[in-house]
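FYI, side chains are in, hydrogens and waters are out, and symmetry mates aren't considered; it's all heavy atoms of this structure.
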Amino acid sequence: METDRLPMSSLAATLLVAAAVVLLAAPSAAQTSFFQGKTITIIQGRDPGGTGDLRVRALFPFLQKYIPGNPTIVSEYMPGGGSRKAANHIFRNSRPDGLTIGNFSSAMVSLAVLGESGVLYDIDKFHYLGSPYSTYHAVFVSRKEAGFNTIEKLRAATGIKIGAQSLGFSTYNEGRLFAYILGLKDPLFIAAFGGAELDPALMRGEIDARATGPDTILQRNRDWFEKGLADIHAIMETPKGEKHPHPFFAKLPEIETFARTDRERKVIALQRAFRISGTPFVLPPGTPKDRVEILQDAFRKTYKDPEFAREYRKLTADDPTPLLPENHEKAIREIPRDPEVIELFKILVGPKKLPPR
């Protein structure tokens, strides 16, 4: 009796195809199995409640959707030293298993490039997962009751109290740069606030001025400019030349127009370069390559998801300008490292009195 048989060559080919399917499916299944039922902790180098925290929260449902196994995602907060404390922790103490992710302020990058004390991490050894934004505009604001409604009045005053988060944090660095480039006399810097505390402190008169983002103002304090509760003096565009979409902020003078020398312009350019790196999401050195790749892919899909853009806009009042994982390391590598400019920058964002211009 005859039976149907595949020729040996056809049988071998079928077996090879089946084996290939199994082998290709195995890594995905393994990763799903690893992340399923697990909790991923994002350690933020900031206090809860500020704009940086809202940017992170906007990602949660999408990362859970795109990471195989749909793990739970939670935040822990580790403020201190401009995200230095959190970055040191991720670099030195976190298990490199893909279940702990760091998210830091842009100061984490500047602190390392500037060689500041207490930096125990190497920015070139982190695995980068991108940033939800790479465009950032900073503005310098004073409270209306302080009476500094023009640049000339700002310059005429002595000892203006400028509030910020901790030394090394982006609000501190930008407040110092605005004060220096605008030519303020002997400003006093108070770096002792959580992110959500600065605006109430400004309105209560505990500080006279601060640096912040236009999008933070639009989200929380539209009455500052709509009702004239604050004076907004100047803007730092990042990238340079990209105007803020809101007409009120688009018409503000750009900080570089107040620069007197090429060195001052280069210092501003260095700050812009630090800002373009965004708020980096990173994995610790030694994280297995396959887990790095699957998390990078999840972040990439999140950044490109139109629903993420809507959620981000709802929470932050801004459109995301994502820096994708594949571009993040490149952005870090291309930060200017001119020693003379770095030396001036270090003085300007340090703890001592601002130097004379």
Side-chain angles (χ1 to χ4, degrees), residues 24-36 38-45 51-75 87 90 94 96-106 108-109 123-136 238-239 273-316 318-335:
L24 287 171
S28 176
Q31 290 302 331
T32 299
S33 175
F34 173 77
F35 286 108
Q36 194 164 28
K38 300 288 202 317
T39 297
I40 292 178
T41 301
I42 298 179
I43 296 180
Q44 298 193 46
T51 302
D53 184 25
L54 295 176
R55 292 188 184 111
V56 175
R57 292 185 196 182
L59 278 81
F60 277 21
F62 303 94
L63 291 177
Q64 187 172 32
K65 171 184 174 181
Y66 289 121
I67 296 172
N70 312 116
T72 300
I73 302 175
V74 299
S75 271
I90 292 292
S94 292
D97 56 6
L99 296 178
T100 304
I101 296 172
N103 178 253
F104 315 124
S105 76
S106 58
M108 181 277 287
V109 176
I123 60 172
D124 297 317
K125 292 183 179 179
F126 283 123
H127 301 286
Y128 288 88
L129 303 174
S131 169
Y133 79 99
S134 55
T135 298
Y136 181 84
T238 303
F274 290 147
R275 268 299 192 181
I276 287 172
S277 65
T279 54
F281 284 92
V282 307
L283 289 165
T287 303
K289 182 180 178 182
D290 56 345
R291 293 179 196 171
V292 172
E293 289 175 350
I294 205 161
L295 289 171
Q296 286 178 333
D297 187 56
F299 272 84
R300 186 180 299 112
K301 289 175 179 176
T302 293
Y303 296 141
K304 293 181 177 181
D305 191 324
E307 288 297 324
F308 164 69
R310 282 190 277 273
E311 179 68 12
Y312 186 93
R313 192 179 303 114
K314 182 174 74 174
L315 290 179
T316 69
D318 188 27
D319 291 315
T321 55
L323 185 64
L324 299 180
E326 55 266 34
N327 297 327
H328 210 155
E329 289 182 4
K330 182 173 182 289
I332 298 295
R333 288 196 306 270
E334 293 180 353
I335 292 173

**Asked** Taking C-beta and beyond as the side chain, do Glu329 and Ile332 meet within less than 4.5 Å on heavy atoms?
**Response** no
**Request:** Compare every heavy atom of Gln64 with every heavy atom of Ile73, then report the nearest pair and how far apart it is.
**Result:** CD1-N, 3.5 Å
**Complete:** Separation between CG (Asn103) and CE (Met108), nearest 0.5 Å, reads 9.0 Å
**Request:** Check Pro280 against Ser105 and note the closest heavy-atom contact, atom names and distance.
**Result:** CD-O, 4.0 Å
**Prompt:** In Å, rounded to the nearest 0.5 Å, how long is the span from OG1 of Thr302 to CG of Leu59?
**Reply:** 6.0 Å
**Side-chain heavy-atom pair Phe281, Pro325 within 4.5 angstrom cut-off** = no
**Backbone of Tyr136 reached by a side-chain donor or acceptor of Thr238 within 3.5 Å** = yes
**Message:** Is the shortest side-chain heavy-atom distance between Leu283 and Pro96 below 4.5 Å?
**Reply:** no
**Request:** Taking the side chain as every heavy atom from C-beta outward, state whether Phe126 and Ile90 have any pair of such atoms under 4.5 Å apart.
**Result:** yes
**Aromatic ring pairing His328/Tyr128, orientation class (parallel under 30°, perpendicular over 60°, tilted between)** = tilted
**Fill in**
Nearest heavy-atom approach of Asp53 to Arg57 is OD2-NH2, 2.8 Å
**Asked** Does any non-hydrogen side-chain atom of Ile101 lie less than 4.5 Å from one of Phe299?
**Response** yes
**Item:** Partners meeting side chain to side chain contact (heavy atoms under 4.5 Å, CB included) with Lys314 (sequence neighbours left out)
**Value:** Glu311
**Prompt:** Between Lys301 and Asp305, is there a side-chain N and carboxylate O pair less than 4.0 Å apart?
**Reply:** no
**Message:** Just verifying a value: how many Å separate Arg275 CZ and Ser131 OG, rounded to the nearest 0.5 Å?
**Reply:** 10.0 Å
**Item:** Under 3.5 Å donor-acceptor, Thr100 side chain and Thr41 backbone
**Value:** no
**Request:** Nearest 0.5 Å please: distance from the OH atom of Tyr66 over to the CD1 atom of Ile294.
**Result:** 14.0 Å
**Request:** For residues Phe34 and Leu99, determine if any side-chain heavy atom of one lies less than 4.5 Å from a side-chain heavy atom of the other.
**Result:** yes
**Asked** Got a sec, which residues hit side chain to side chain contact (heavy atoms under 4.5 Å, CB included) with Pro71, two or more places apart in sequence or on another chain?
**Response** Phe35, Ile40, Ile67
**Message:** For a 4.5 angstrom cut-off between non-hydrogen side-chain atoms, does Leu54 reach Tyr312?
**Reply:** no
**Asked** Do Phe308 and Pro320 have side-chain heavy atoms sitting under 4.5 Å apart?
**Response** yes
**Distance-minimising heavy-atom pair for Gly98 and Thr287** = N-CG2, 3.9 Å
**Prompt:** Looking at Ile335 and Phe274, what are the two nearest heavy atoms and their distance?
**Reply:** CG2-CE2, 3.5 Å
**Complete:** Separation between CG (Leu323) and OG1 (Thr279), nearest 0.5 Å, reads 9.5 Å
**Prompt:** In Å, rounded to the nearest 0.5 Å, how long is the span from CG of Asn70 to NZ of Lys65?
**Reply:** 10.5 Å
**Item:** Atom of Val56, atom of Ser75 and distance for their closest heavy-atom approach
**Value:** CG1-OG, 4.1 Å
**Prompt:** Are the side chain of Arg300 and the backbone N or O of Leu324 linked by a donor-acceptor pair below 3.5 Å?
**Reply:** no
